[in-house]
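The figures that follow rest on heavy atoms only: side chains count, while hydrogens, waters and symmetry mates do not. Owing to the predicted nature of the structure, the values given are computational and were not obtained by experimental measurement.
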Amino acid sequence: MRLQTSTGYKIIADWLANKGLHPFTFQEETWQHIINGKSGLVNAPTGCGKTFSVFLGAVIDFINKHPGNWQSKAGNGLQLLWITPLRALAKDIGRAMEAVIGELNMQWKIGIRNGDTDMSERQRQKRKMPEVLIITPESLHLLLAQKGYPAVFEHLQILAVDEWHELIGSKRGVQVELAVSKLVALRTPIVNRESAIGNSSLRVWGISATIGNLDQAQDVLLSPVYNISPVTGELRGETGVIVKANIRKDIVIESIIPDEIEKYPWAGHLGLKLIHKVLPILNTSRTTLIFINTRGMSEQWYQALLTAAPDLAGAIALHHGSIEQELRIWVEEALHTGKLKAVVCTASLDLGVDFRPVETVIQVGSPKGVARFLQRAGRSGHSPGDVSKIWFLPTHSLELVEAAALKSAVEETFIESREPMVLCFDVLIQYLSTLAISDGFKPDEIFEEVRSTFCYRDMTHIEWTAILEFITSGGNALAQYDEYKKVEVIDDVYRINSRRIAMRHRMHIGTIVSEAMMKVKFVSGGFIGVIEEWFITRLSPGDVFTLAGRQLELVTIKDMTALVRKSNAKKSIVPSWQGGRMPLSANLGKKLRQKFEEARNLTSGAVSREAEVRNTKPEGRNKKSGKPKINSGDRLTATHSPLTIHHSPDIELQVLNPLFQLQEQLSHVPGANELLIEHIETKDGYHLFVYPFEGRLVHEAMAAILAWRISKITPITFSFAMNDYGFELLSDQPIPVDDTNVYDLFTADNLLTDIQRSANATEMAKRKFRDIAVIGGLIFQGYPGEQKKARHLQSSASLLFNVFSEYEPGNLLLRQSYQEVFDQQMEEVRLRNMLERVRGSKIIITFPRQLTPFCFPIKVDSMRENLTSEKLEDRVRRMQQYLNSPSP
DNA sequence: GACCTGCTGCGGGCTG
């Protein structure tokens with residue numbers, strides 16, 4: 001059968017043609033696969049119709065199955081389940097789907113199920129499910145926690161997972177994997193699969209933006225569909241398909257360049273010095289999004305814009321995750337109805353404006369990754385054929401190189417991968433409890449289902465048994481506490497019979513664990529947002545702080561709510577929120593290293609280098625102190641690749657030429673295949689600066705390891721500092737790192753043991769364990785509205801951590817917390833890759849006679865602790881003035 | 001359990 005003759009296809013194609021659209025716009029290839037019973041992944045830039053391609057595929061499929069009466073047919077139950085990570089997206093998508101259904105005169109109902117869905121709607125859904133249900137991963141698990149849930153999915157044809165790239169790298173993604181395994185098994189039980197031909201009758205479709213590991217993303221989502229034999233590991237069904245839209249989005253990236261690069265700060269994160277260059281951009285664009293990396297800095301930018309251009313009052317707004325939901329919704333609406341010229345925002349506006357374009361985007365500071373930068377650029381020029389325009393505003397001089405790096409990364413579509421998580425036992429425990437409060441489960445069946453997912457495919461029988469033991473008896477360590485004996489076993493069916501436990505569990509479904517927040521509310525009523533508990537407890541009544549762009553005076557704290565009134569005080573404290581510490585991505589780091597090499601090649605023409613380059617080791621090394629006796633300004637090893645410039649250099653690199661010249665004079669600008677190490681002596685002591693450009697997490701771990709390894713050579717103590725470009729070891733005695741030992745110090749051998757000895761893994765694991773314990777249901781966070789204090793949470797978590805460490809060291813959750821430290825906190829894989837890279841590269845050690853442009857930002861960050869910001873700014877200015885006019 | 005600049009996201013429904 002040729003596809004085009006199918007009734008559904010024709011109806012939809014004609015319908016689109018009537019509207020002047022070609023089916024291709026909506027990736028008709030997807031329709032074909034859906035009708036043919038395939039599962040797969042759709043990949044296209046935003047605004048290219050990938051959402052509609054899956055939805056229309058489901059519509060065509062329905063028409064084909066009910067050829068005579070598709071317009072009158074309803075009440076078949078749930079046909080299409082649509083998972084989306086954001087509640088806010090559900091409304092937009094639902095509205096768009098309803099419009100299509102309306103025009104086709106179909107009898108489908110589109111329903112939304114998430115935390116915002118009210119009770120009556122939930123009950124309506126329970127009596128009769130709509131044909132399409134848009135849901136969050138959490139709410140889907142809540143459905144699985146209802147008695148008789150299999151009936152809900154009896155007629156389900158298609159499961160769509162929207163924004164899969166957003167979910168795959170997190171535990172929310174694992175929740176989706178488990179849900180997929182369950183829904184697939186409901187249609188084709190695992191026990192029948194040995195004999196089943198082909199795939200499950202349920203078709204699973206992921207919808208994803210471009211990521212580096214698209215194939216893997218597909219495998220992770222579809223793993224339960226693939227029908228892989230649990231015995232032999234052999235693939236018995238078909239694999240899925242990837243549908244890519246061949247649309248290339250044009251993106252224009254432009255840097256905001258300081259007029260006098262010599263005077264632009266070498267360090268800093270805020271970038272307000274360039275605010276005068278932002279104003280003209282706002283004026284010439286209808287709507288602008290200004291992305292700021294942190295909530296605190298976004299508050300500062302908002303204030304600064306109003307001060308710089310008071311006429312903007314009322315035309316600009318602020319948007320971040322700690323601002324009250326209603327205010328945020330108002331801002332979003334006002335932006336798109338044209339009431340606002342600009343919105344200062346954080347990652348809170350990364351997603352969710354798909355159906356409402358803006359004209360211009362400004363990125364302030366490093367976006368930390370290529371994917372995030374592209375995502376933000378894509379907020380503008382949203383229609384197919386439009387050009388996305390994004391401005392990059394550097395917050396310090398060296399950061400300007402990132403613009404050049406981003407340009408070539410975007411050009412090459414060098415986009416980060418999102419690594420799926422594996423063996424998350426906390427999520428598994430939560431899932432099993434979910435099944436236990438609805439219909440109960442039989443371990444043998446569920447074991448196979450769970451192992452059909454990517455996350456748990458390597459789970460052993462021993463681990464599985466330990467999990468079952470844990471949920472029924474509390475395991476070895478907690479056996480004496482009844483509250484951990486949640487699940488009862490009757491006739492080999494595992495169930496939770498206690499209504500109280502079931503109720504508590506429902507409230508704790510989900511994998512997002514937040515800091516303890518306190519609501520902020522006007523005395524006169526009206527919520528403004530939330531602030532972290534630790535921050536507000538440092539304030540006293542009468543203190544003025546900033547939130548949602550307002551000056552607020554703290555009046556009192558009552559019922560875990562901070563009551564405030566408006567204030568006209570000149571000075572106010574800007575809150576800081578404890579957020580993720582998104583490190584520079586590996587991709588962007590690599591591009592940066594390449595750009596530095598280009599910059600050096602550009603510079604080398606200008607600098608006379610004959611006198612500097614030495615290929616031989618200097619003589620007269622003082623073995624005792626380990627400090628080589630050489631003149632400052634000399635280098636130990638330095639060989640340069642011949643000067644090659646393949647294309648015209650980026651404007652950013654040209655502008656930064658004076659900075660690179662100075663760096664080259666004082667030290668060295670490292671090439672892509674070099675690791676630069678600087679020994680600098682100041683009145684603070686002996687500094688060792690190292691520049692791997694691997695993001696601050698790797699640097700943090702590497703600094704600890706290096707310190708540990710050096711201390712084995714000679715007894716020595718250090719303090720550390722680091723940023724995304726490099727790290728610093730500081731000591732009061734000379735640091736014995738030279739060309740005789742440097743490769744050994746940076747070896748990947750014994751990495752794991754050295755990590756364990758150097759970094760305080762136990763302390764880090766303890767922190768990770770808190771989230772794991774909450775997700776696994778070991779800690780009750782309190783009923784909604786009466787959240788427990790952070791202190792309580794922390795103390796019960798660390799109590800449990802200690803109990804496990806002492807009485808059950810093999811506990812799976814304990815093990816997981818250490819694993820998460822290695823994987824996420826230290827980025828062990830990346831650390832190892834870095835060391836492997838260093839092994840094959842040239843290590844350049846220099847001895848600059850003063851601070852260099854490279855080390856400057858790290859040095860400044862390490863001073864920050866002891867100084868107020870004004871004093872710091874003064875000191876930085878003085879340091880830089882001195883450096884810009886170097887005296888011999 | 002500290003904050004050194006540090007994002008976002010979710011979340012009862014029984015039995016009457």
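Proximity of A/Arg87 to the phosphate of B/dC10: a side-chain N or O atom is located under 4.0 Å from OP1 or OP2. Using a 4.0 Å cut-off, some side-chain N or O of A/Thr346 falls inside it from OP1 or OP2 of B/dT8. For B/dG11, one of the phosphate oxygens OP1 or OP2 lies less than 4.0 angstrom from a side-chain nitrogen or oxygen of A/Thr136. A sub-4.0 Å separation between OP1 or OP2 of B/dG13 and a side-chain N or O of A/Arg122 is present. Applying the 4.0 Å criterion to OP1 and OP2 of B/dC14, one finds that A/Lys126 has a side-chain N or O inside that range. An OP1 or OP2 oxygen of B/dG12 is reached within less than 4.0 angstrom by no side-chain nitrogen or oxygen of A/Arg499. Distances shorter than 4.0 Å separate none of the side-chain N or O atoms of A/Arg127 from OP1 or OP2 on B/dG13.
Ring-plane geometry between A/Phe693 and A/Tyr725 is classed as tilted, the angle between the planes lying from 30 to 60 degrees on a 0 to 90 degree scale.
One C1' atom belongs to B/dG6, the other to B/dA2, and the distance between them is 14 Å to the nearest Å. The gap from the P atom of B/dG13 to that of B/dG9 amounts to 22 Å, rounded to the nearest Å.
Contacts of A/His141 with the nucleic acid, taken as non-hydrogen atoms under 4.0 Å apart, are absent. In this structure, A/Lys368 reaches the bases: a heavy-atom distance under 4.0 Å links it to at least one base atom across the strands shown. Using a 4.0 Å heavy-atom cutoff across all strands shown, A/Gly321 reaches sugar-phosphate atoms only and no base atom. Across all strands, A/Leu167 comes closer than 4.0 Å to no nucleic acid atom at all (heavy-atom distances).
For B/dG6, its base never sits under 3.5 Å from the side chain of A/Arg295 at any donor and acceptor pair.
Looking at A/Asp724 and A/His699, their side chains never bring a donor and an acceptor atom within 3.5 Å of each other. Side chain to side chain, A/Ser572 and A/Thr546 meet the donor-acceptor criterion of an N or O pair below 3.5 Å.
Closest to the A/Arg581 side chain, of the nucleotides B/dC7, B/dG6, B/dC10, is B/dG6. Of the candidates B/dC4, B/dG1, B/dC7, the closest approach to any side-chain atom of A/Ser798 belongs to B/dG1. Closest to the side chain of A/Asp724, from the set B/dG13, B/dT8, B/dG6, is B/dG6. Side-chain atoms of A/Arg172 lie closest to B/dG9 of the nucleotides B/dG12, B/dG1, B/dG9. Comparing B/dG13, B/dG1, B/dC7 against the side chain of A/Glu763 picks out B/dG1 as the nearest. Across B/dC7, B/dG13, B/dC4, the shortest atom-to-atom separation from the side chain of A/Arg113 is found for B/dG13. Nearest to the side-chain atoms of A/Thr294 among the listed nucleotides B/dG6, B/dG13, B/dG9 stands B/dG6.
Distance A/Met119 CE to B/dT15 P: 14 Å, rounded to the nearest Å. Taking atom CD of residue A/Glu533 and atom C1' of nucleotide B/dC3, one finds them 14 Å apart after rounding to whole Å. Remark: C1' of B/dG1 and NZ of A/Lys766 are 10 Å apart, rounded to the nearest angstrom. Taking atom CH2 of A/Trp534 as the reference point, atom C1' of B/dG6 lies 11 Å away to the nearest angstrom. Between the CG atom of A/Asn293 and the P atom of B/dC7 there is a distance of 9 Å, given to the nearest Å. The interatomic distance linking A/Arg376 (CZ) with B/dC7 (C1') rounds to 8 Å, in whole Å. Atom CE of A/Met297 is separated from atom C1' of B/dG6 by 7 Å (rounded to the nearest Å). Rounded to an integer number of Å, the gap from CD of A/Gln123 to C1' of B/dG13 is 8 Å.
A/Lys147 has no carboxylate O lying under 4.0 Å from a charged side-chain N of A/Asp439, or vice versa, which leaves the two without a salt bridge.
Nearest-nucleotide assignment on DNA chain B puts the 5′-proximal partner with A/Arg538, out of A/Leu143 and A/Arg538. Residue-to-nucleotide proximity on DNA chain B shows that, of A/Lys147 and A/Ser139, the 5′-proximal contact is made by A/Ser139.
Judged by the 6.0 Å distance and 45° axis criteria, A/Lys768 is not positioned over the aromatic ring of A/Tyr818.
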Walk me through whether A/Trp301 and A/Leu318 qualify under side chain to side chain contact (heavy atoms under 4.5 Å, CB included).
CA-CA 9 Å; A/Trp301 261 89; A/Leu318 181 60; over 6 Å; no
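B/dG12 takes the syn form, because its glycosidic angle lies no more than 90° either side of 0.
In this structure the side chain of A/Met826 never reaches within 4.5 angstrom of the side chain of A/Met702, judged on heavy atoms.
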